[in-house]
Amino acid sequence: MQPFTERVVTIIRSIPSGKVMTYGQIAACAGSPRAARQVVRILHSMSASQQLPWHRVVNKQGEIALGDADSAEEQRWRLEEEGIEFTLDQRIPLERYHFEPDPPAEG
DNA sequence: GCCATGGCTAGTA
DNA sequence: GCCATGGCTAGTA
């Protein structure tokens with residue numbers, strides 16, 4: 001696994017239950033603010049093998065970004081199961097559920 | 001080639 | 001809508 005990929009995987013694993021991060025935010029935390037699409041690719045291809053909490057990643061608007069209806073539904077109930085409440089327009093209020101990881105330790 | 005983004009624009013009202 | 005961006009896995013040979 002490449003270093004960037006490894007950082008992304010670590011960050012996604014660190015998202016606590018009941019919290020979410022966005023694609024762009026994860027990319028930025030991993031050191032590459034423009035690499036949101038790469039986060040998408042990692043989630044798509046490695047969620048199963050790396051046992052990632054893939055459902056805790058949403059887009060910048062707090063929306064479920066999955067195109068496939070069944071997968072989107074699964075993501076929603078997984079999040080609701082963790083206590084997250086959606087708005088009437090199917091969004092997650094990020095100001096309430098957003099997770100901000102600790103900055104990397106000094107040294 | 002892939003991908004579940006994100007940001008900016010033209011077109012419409 | 002459209003397309004620049006970005007890092008590379010999963011699947012095949």
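A note on names: the letters A, B, ... follow the listed sequences, proteins ahead of strands, and every chain is numbered from 1. All values below were derived from every heavy atom in this structure, side-chain atoms included, with hydrogens, water molecules and symmetry-related copies excluded.
- Between A:I26 atom CD1 and B:dC3 atom P there is a gap of 18 Å when expressed in whole angstrom units.
- The shortest side-chain heavy-atom distance between A:C29 and A:M21 falls under the 4.5 Å cut-off.
- Rounded to the nearest Å, the gap between the P atom of B:dA4 and that of C:dG11 is 15 Å.
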Inset, instruction - At under 4.0 Å between heavy atoms, which parts of nucleotides 5-13 of chain C does protein reach? Answer with one letter per nucleotide, 5' to 3': B base, S sugar-phosphate only, - none. - result: BBBSBS---
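- Heavy-atom contacts from other residues, nucleotides or ligands closer than 6.0 Å to CD of A:Q51 number 12 or fewer.
- Between atom CD1 of residue A:I11 and atom CG of residue A:L52 there is a gap of 12.0 Å, rounded to the nearest 0.5 Å.
- For A:E73, the CD atom sits in a loose shell: 12 or fewer heavy atoms of surrounding residues, nucleotides or ligands are nearer than 6.0 Å.
- Atom OH of residue A:Y97 and atom CD1 of residue A:I84 lie 6.5 Å apart, to the nearest 0.5 angstrom.
- Rounded to a whole angstrom, the distance from the P atom of B:dC3 to that of C:dT12 is 14 Å.
- Surrounding CZ of A:R91 are more than 12 heavy atoms belonging to other residues, nucleotides or ligands, all under 6.0 Å away.
- For residues 10-23 of chain A, the set of pairs meeting the side chain to side chain donor-acceptor pair (under 3.5 Å) definition, not counting sequence neighbours, comprises A:R13-A:Q50.
- With respect to A:R76 and A:E80, a salt bridge is recorded, a charged nitrogen being found less than 4.0 Å from a carboxylate O.
- Distance CD1 (A:I12) to P (B:dA4): 15 Å, rounded to an integer number of Å.
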Inset, instruction - Dot-bracket for DNA chain B, please, read 5' to 3', with Watson-Crick or G-U wobble pairs under 3.5 Å on both distances, ( ) within the strand, [ ] crossing, | other strand, . unpaired. - result: |||.||||.....
